[in-house]
Asks: 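Before I ask anything, here is the structure I am working with.
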Amino acid sequence: MTEPRPRRYITTPIYYVNDRPHIGHCYTTLVADVAARAQRLMGREVFFLTGTDEHAEKVAKAAADHGMTPMQWATRNAERFREAFAFMGFSHDDFIRTTEARHIDRATAYIQRLMDSGDITLGDYEGWFDPSQEEYVPENVAKEHDFKSPVTGRPLERRTEQNYFFRLSHYQAWLEAEIASDRIRVLPEQRKNEVLGRIRQGLNDVPVSRRIKEGDADWGIRMPGDDAHRIYVWIEALCNYLTVVDTDDRRTFWPRGDASDPAPITHFMAKDILWFHAVIWPAMLRALGERPPATVYAHAYFIAEGRKMSKSLGNFIEIDTLRAYADRYSLDAVRWYLATQGPLGATDADFAYGRFVEVYNADLANGIGNATSRVANMIEKYFDGTLPRTCDGRFGFPDGRAMGVALAARAAAGKAPDDPTRTFDFAAEARDAIGRAARLHESCALDEALRLGIALVNRVDEFISYTAPFTLAKRLAEHEHGEKALATILYSCAEALRIASLLLYPAMPAKMAALWRDWNCEHLADPADPDSGFRAPLGELAAWGGAYGLKAGQSIRKGEALFMRADAAEPAPTHEAPGA
Ligand code: MSP
């Protein structure tokens with residue numbers, strides 16, 4: 001019997017279906033997709049969930065504005081989310097709509113359990129309600145924002161209602177200890193401090209229901225045993241993370257109690273909804289006797305050409321804009337730009353055409369694209385497309401000869417490098433990069449992890465400039481070991497690029513699979529569907545010249561260039577204005 005692989009459960013927020021998806025929704029889902037692909041590559045069994053949050057009042061309102069029933073409108077927009085995520089190449093294992101029975105039934109059962117345990121009780125509530133966000137705003141926050149929504153700036157409403165409350169206050173000490181000790185890791189660090197600061201100010205019990213009023217659309221889930229109330233949309237929405245895996249075959253992703261195999265859960269989102277995920281949800285789980293998430297990661301916002309995106313400015317970057325970019329530069333280029341330039345940390349990031357072209361040319365066209373085609377070209381030209389030998393990837397060390405031969409050829413051609421004493425140890429550098437990337441992925445610093453792939457590509461470029469294999473190739477006859485040296489150099493370039501491709505894969509799965517086809521690397525994964533399973537965990541796949549490495553006699557085809565250079569003078573890609 002094989003050992004079960006370690007598991008990871010990765011989620012995105014479930015998105016409101018009052019409107020169509022935009023870049024922000026794609027960004028968080030991309031971050032989760034990169035994390036999921038990286039975890040699979042590292043040999044873990046991953047369950048990656050995304051979906052739509054449908055029972056909000058604003059969904060019913062938008063539906064009415066469009067002369068549709070809430071369900072018709074929700075279905076139409078849920079479909080747009082599905083399409084957008086298919087276009088983005090996301091590898092989610094499930095897509096939950098909160099209007100599905102599996103969610104409704106289990107979410108209702110959780111609320112019932114919380115009522116039974118005394119964690120949810122009936123009480124009176126008066127406070128400032130933000131209709132645009134469907135949430136109550138604490139008194140001090142309402143005051144600070146002049147009784148306007150801190151998110152949209154629209155007026156808050158004073159509301160009094162009889163409600164069911166969840167006794168959040170009861171979990172204050174526990175939450176503070178869990179978060180302070182990183183048993184619930186709130187990332188980035190700055191967000192953890194904000195959350196802890198707010199917890200220490202004291203936690204109020206939170207309303208978990210809405211009284212149904214005359215004229216309300218029949219939309220949302222009823223409180224169990226009380227038809228006069230609906231479960232507050234936020235409370236039922238959070239339950240989705242558990243409802244989807246609360247089945248016999250998926251419970252391993254959310255093991256009960258103190259199982260020794262914890263299957264750490266990571267929730268990704270933006271900073272707007274961190275409080276729900278870092279405080280309210282873990283407390284609900286605690287009350288249910290379920291384990292809390294291991295990591296709650298809240299990134300910042302994407303803004304557009306320097307301005308905050310908003311409905312009133314009408315400047316949301318639309319999915320069609322991303323499609324237009326993908327048509328011109330490839331989908332993986334869009335994924336790369338978003339993943340490496342996005343607002344993963346605590347500061348907002350701009351989506352700007354000029355920057356896109358800059359990054360595209362530097363990292364992709366002149367980076368991995370150029371390096372792979374250059375190396376494949378030389379292998380084709382000098383060795384008929386077949387690597388004659390392997391090597392240990394060490395250059396400039398006393399026991400190796402290849403570098404000396406290359407430098408001698410350069411000297412003979414009158415092109416000696418300024419510094420003839422440099423060393424390159426690709427096997428060690430690659431091993432180091434893989435180890436660092438694995439650690440960075442564990443702390444969700446996936447942009448940094450991805451950039452290690454480009455750093456390795458840049459080292460190969462440096463090495464090619466330094467050893468100038470093209471100069472050596474013209475002078476093979478003059479050097480006793482010329483051919484051997486040339487083969488050794490090119491093997492090292494190719495093997496280093498193969499390892500770099502593994503580091504780049506989570507962001508650019510299609511392009512890296514294309515490279516693996518050209519370079520006959522079917523032994524890494526099924527190139528038609530790399531997600532269906534890598535043949536071994538990353539450490540083994542990436543071992544220099546190892547069981548999954550490039551072999552002597554392996555043929556390397558120079559396929560189509562992975563990325564063509566972009567011309568910054570060309571106007572930005574555009575698309576037709578969208579409909580409703
Ligand atoms: N339905 C709730 C979430 C419930 S989760 C149990 C919700 N939906 S939402 O449609 O408003 O999505 C908010 C999320 O979309 C943010 O947390 C973030 O993940 C993503 N983004 C929306 N706009 C964004 C940007 N401008 N930039 C980056 N991400 C953004 O809240």
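Note that ligands are numbered from 1 as they come in the structure, with each ligand's atoms numbered from 1 the same way.
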Asks: Check Glu290 with Arg251, please: is the shortest side-chain N to carboxylate O separation under 4.0 Å?
Replies: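 Looking at Glu290 together with Arg251, the answer is yes, because their closest N to O distance falls below 4.0 Å.
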
Asks: May I ask you to say whether Arg8 pairs ionically with Glu45, meaning some side-chain N is under 4.0 Å from a carboxylate O?
Replies: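 A salt bridge is absent here (no side-chain N lies under 4.0 Å from a carboxylate O).
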
Asks: Dump all N/O pairs between ligand 1 and the protein below 3.5 Å as a table: atom names plus distance, one pair per row.
Replies:
unit_1: ligand 1; atom_1: 1 (N); unit_2: Ile14; atom_2: O; d: 2.9
unit_1: ligand 1; atom_1: 1 (N); unit_2: Asp53; atom_2: OD2; d: 2.7
unit_1: ligand 1; atom_1: 10 (O); unit_2: Tyr16; atom_2: N; d: 3.0
unit_1: ligand 1; atom_1: 17 (O); unit_2: Ala270; atom_2: N; d: 3.0
unit_1: ligand 1; atom_1: 17 (O); unit_2: Asp272; atom_2: OD1; d: 2.9
unit_1: ligand 1; atom_1: 19 (O); unit_2: Thr28; atom_2: OG1; d: 2.6
unit_1: ligand 1; atom_1: 19 (O); unit_2: Ala270; atom_2: N; d: 3.4
unit_1: ligand 1; atom_1: 26 (N); unit_2: Phe302; atom_2: O; d: 3.2
unit_1: ligand 1; atom_1: 27 (N); unit_2: Phe302; atom_2: N; d: 2.8
unit_1: ligand 1; atom_1: 29 (N); unit_2: Gly24; atom_2: O; d: 3.4

Asks: Between Arg291 and Pro255 (side chain of the first, backbone of the second, donor and acceptor by atom type, cut-off under 3.5 Å), is there such a pair?
Replies: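 Judged by distance alone, yes, a pair lies under 3.5 Å.
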
Asks: Between Tyr15 and Phe85, what is the ring plane arrangement, given parallel below 30°, perpendicular above 60°, and tilted in between?
Replies: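 Perpendicular, since the angle between the ring planes exceeds 60°.
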
Asks: Look only at the side chain of Ser330 and the backbone of Ala326, and say whether a donor-acceptor pair between them is shorter than 3.5 Å.
Replies: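 No, because the side chain of Ser330 does not come within donor-acceptor range (under 3.5 Å) of the backbone of Ala326.
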
Asks: So, are Asp19 and Lys58 salt-bridged, with charged N and O less than 4.0 Å apart?
Replies: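 No, no charged N to carboxylate O under 4.0 Å.
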
